[in-house]
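Worth saying up front: this structure is predicted, and the values here are computed from it rather than measured. When a ligand or atom number is given, it counts from 1 through the structure's own listing order. Here, residue 1 is the first one in the sequence, and each next residue gets the next number. Scope of the values below: all heavy atoms of this structure, side chains included, with no hydrogens, waters or symmetry mates.
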Amino acid sequence: MRCPYCRHADSRVVDSREADDGQLIRRRRSCPECGKRFTTVEEAVLAVVKRSGVTEPFSRAKIMSGVRKACQGRPVDEDSIALLAQKVEETVRAKGAAEVPSHEVGLAILPPLRELDQVAYLRFASVYKSFDSLDEFEKEISALREAATARETGVRHPVTPRSGGRAPRV
Ligand SMILES: [Zn+2]
């Protein structure tokens, strides 16, 4: 590999080690010409298969632009969006497949987005799950409300009985 400092055409690997549970390999390289050292990272290319059958490389930037659109006007900063995209990539890569269908990428976005901003989540989910009636919005909103209630009471009652009505408030 070409040296990024002096553009010498070759470099020598002085160390290589696995990172992220063997998902990637980092190599420390040394340039025989200028003596400088640099690091390269090698990882499997993750392909996303679109509904049309077309494949394209997984792109965090693409996740970020989709989420950014859903977050318009919401108090969500760029760092949180970048972090979300990172989580999505980790989730998708953790499946260990070289190819993932694009809808699985969409599914991986939903849970962290719900944590980040409920309005943005609702916008994203309405497009992603193609809501076509108010009922579907209503269902999603009541699911959000239930989750919020469960979170509030969950500290004291980690297991809320689903049958026999609501857990009594203490
Ligand atoms: Zn060099």
I need the full list of salt bridge (charged side-chain N to carboxylate O under 4.0 Å, His left out) pairs touching residues 31-43, with sequence neighbours left out, sorted by first then second residue. Arg27-Glu42, Glu43-Arg93
Which pairs with one or both residues in residues 135-145 pass salt bridge (charged side-chain N to carboxylate O under 4.0 Å, His left out), sequence neighbours excluded? Lys129-Glu140
For the residue pair Arg28 and Thr39, confirm or rule out a side-chain donor-acceptor distance under 3.5 Å. yes
Heavy atoms, side chains only, cut-off 4.5 Å: are Leu122 and Val119 in contact? no
Within-4.5 Å side-chain heavy-atom neighbours: Ile25 and Val41: no
Taking the Zn ion (ligand 1) as the centre, count the protein N/O/S atoms lying under 2.8 Å from it. 4
Taking distance alone, no hydrogens or angles, what donor-acceptor pairs closer than 3.5 Å link side-chain atoms of residues 1-11 to residues at least two apart or in another chain?
from: Arg2; atom 1: NH1; to: Arg7; atom 2: O; distance (Å): 2.7
from: Ser11; atom 1: OG; to: Met1; atom 2: O; distance (Å): 2.8

